[in-house]
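Just so you know, these numbers come straight off a predicted model, no measurement behind them. Along the sequence shown, residues carry numbers from 1.
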Amino acid sequence: MTKNDNNSQHRYWLQRCIDLAEQQSRTPGGGPFAALVVHAGELVAEGVNQVTGSNDPTAHAEVVAIRNACAQRNDFQLAGCVLYSSCEPCPMCLGAIYWARPDAVYYAATHAQAAKAGFDDSFIYEQIPLPGPERSIPFHPVALDSAEAPFDAWLANGERRDY
């Protein structure tokens with residue numbers, strides 16, 4: 001495949017994302033975001049924003065697509081896959097993407113374009129470097145002697161599946 005063929009393929013999948021996101025925007029409980037997971041040029045799964053329709057703040061298009069693709073592949077990682085998103089992923093989706101480990105991510109709209117439509121996640125990026133107690137939602141560590149017990153049990157489990 002030539003570089004132009006590859007670029008055409010990325011444009012094709014991104015346009016499918018945009019079309020799906022636009023369609024989803026017109027449905028009750030929908031949002032203007034969509035994502036696809038593709039493996040070897042074949043669609044594995046798709047996801048659309050379901051936050052307000054499902055009352056689930058984690059139901060962003062990328063997370064839904066990752067969940068669907070992992071279920072379809074019967075694997076918790078997406079090695080060999082590419083994730084396409086109608087918009088630059090937010091910090092939560094970025095974390096989910098890194099845990100899922102696709103080979104690459106391609107997106108169409110930027111977070112600045114999303115902010116113009118009222119989806120501004122810049123405040124989250126501003127919160128990340130702050131010490132926990134100084135965040136707008138304070139995070140407070142509590143030292144417990146037993147805090148490492150789950151990790152010790154995990155490390156002692158010879159049947160664990162590392163990730």
Side-chain angles (χ1 to χ4, degrees), residues 13-14 17 20-21 24 27 29-112 114-115 117-163:
W13 291 115
L14 285 172
C17 279
L20 186 58
Q24 181 67 10
T27 64
F33 302 98
L36 307 173
V37 175
V38 174
H39 181 264
E42 298 290 326
L43 180 65
V44 175
E46 61 184 33
V48 294
N49 183 286
Q50 300 174 2
V51 171
T52 59
S54 65
N55 293 318
D56 179 354
T58 69
H60 288 201
E62 296 88 345
V63 172
V64 173
I66 289 168
R67 288 174 181 161
N68 291 341
C70 287
Q72 178 70 26
R73 291 171 48 98
N74 196 31
D75 195 348
F76 60 89
Q77 294 184 341
L78 297 175
C81 295
V82 175
L83 188 140
Y84 293 92
S85 180
S86 61
C87 187
E88 184 176 0
C90 76
M92 177 187 69
C93 293
L94 182 66
I97 289 165
Y98 272 93
W99 282 113
R101 295 180 178 93
D103 288 0
V105 175
Y106 292 86
Y107 61 90
T110 67
H111 68 272
F119 298 95
D120 190 359
D121 57 12
S122 62
F123 75 97
I124 299 172
Y125 287 104
E126 293 166 2
Q127 294 291 302
I128 292 170
L130 296 176
E134 294 178 22
R135 295 177 180 158
S136 62
I137 298 173
F139 283 59
H140 303 285
V142 178
L144 295 176
D145 291 339
S146 60
E148 290 187 31
F151 302 120
D152 294 340
W154 169 255
L155 292 171
N157 181 351
E159 296 179 24
R160 72 177 183 267
R161 188 171 173 200
D162 291 335
Y163 61 98

* Are side-chain heavy atoms of S136 and F123 found at a separation under 4.5 Å? -> no
* Asked: If every non-hydrogen atom of C81 is compared with every non-hydrogen atom of R73, which pair is closest and at what distance?
  -> SG-NH1, 3.4 Å
* Spatial distance of atom NE2 (H60) from atom CG (L94) [nearest 0.5 Å] -> 12.5 Å
* Report yes or no: does R101 contribute a side-chain atom to a donor-acceptor pair with the main-chain N or O of Q77 at less than 3.5 Å? => no
* Supply the atom-to-atom distance Y163 OH to D75 CG, rounded to the nearest 0.5 angstrom. => 13.5 Å
* To do: Measure from the side-chain N and O atoms of T52 to the backbone N and O of G29, and report whether any donor-acceptor pair falls under 3.5 Å.
  => yes
* To do: For S86 and C17, work out which heavy atoms get closest and say how close.
  => N-CB, 3.8 Å
Can I get a per-line list of side-chain donor-acceptor pairs under 3.5 Å for residues 144-157, giving both atom names and the distance, sequence neighbours left out?
residue	atom	partner	partner atom	Å
N157	OD1	E159	N	2.8
N157	OD1	R160	N	3.4

* Walk me through it: do H111 and Y125 pass the test side-chain contact (heavy atoms from CB on, under 4.5 Å)? => CA-CA 12 Å; H111 68 272; Y125 287 104; 5.5 Å; no
* **Exercise: identify the closest heavy-atom pair between N49 and Q24** => O-NE2, 3.3 Å
* Asked: Roughly how far apart are R135 CZ and H140 NE2, rounded to 0.5 Å?
  -> 11.0 Å
* Among I97, V37, I66, find the one that has a side-chain contact (heavy atoms from CB on, under 4.5 Å) with P102. => I97
* Asked: What heavy-atom pair brings C87 and E62 nearest, and what distance separates the two atoms?
  -> O-OE2, 3.5 Å
* Structure fact -> Value for CE (M92) from CG (D121), rounded to nearest 0.5 Å, stands at 10.0 Å
* Structure fact -> On a heavy-atom basis, the closest approach of Y106 and V82 is CD1-CG1, 3.5 Å
* Structure fact -> On a heavy-atom basis, the closest approach of A65 and L36 is CB-N, 4.5 Å
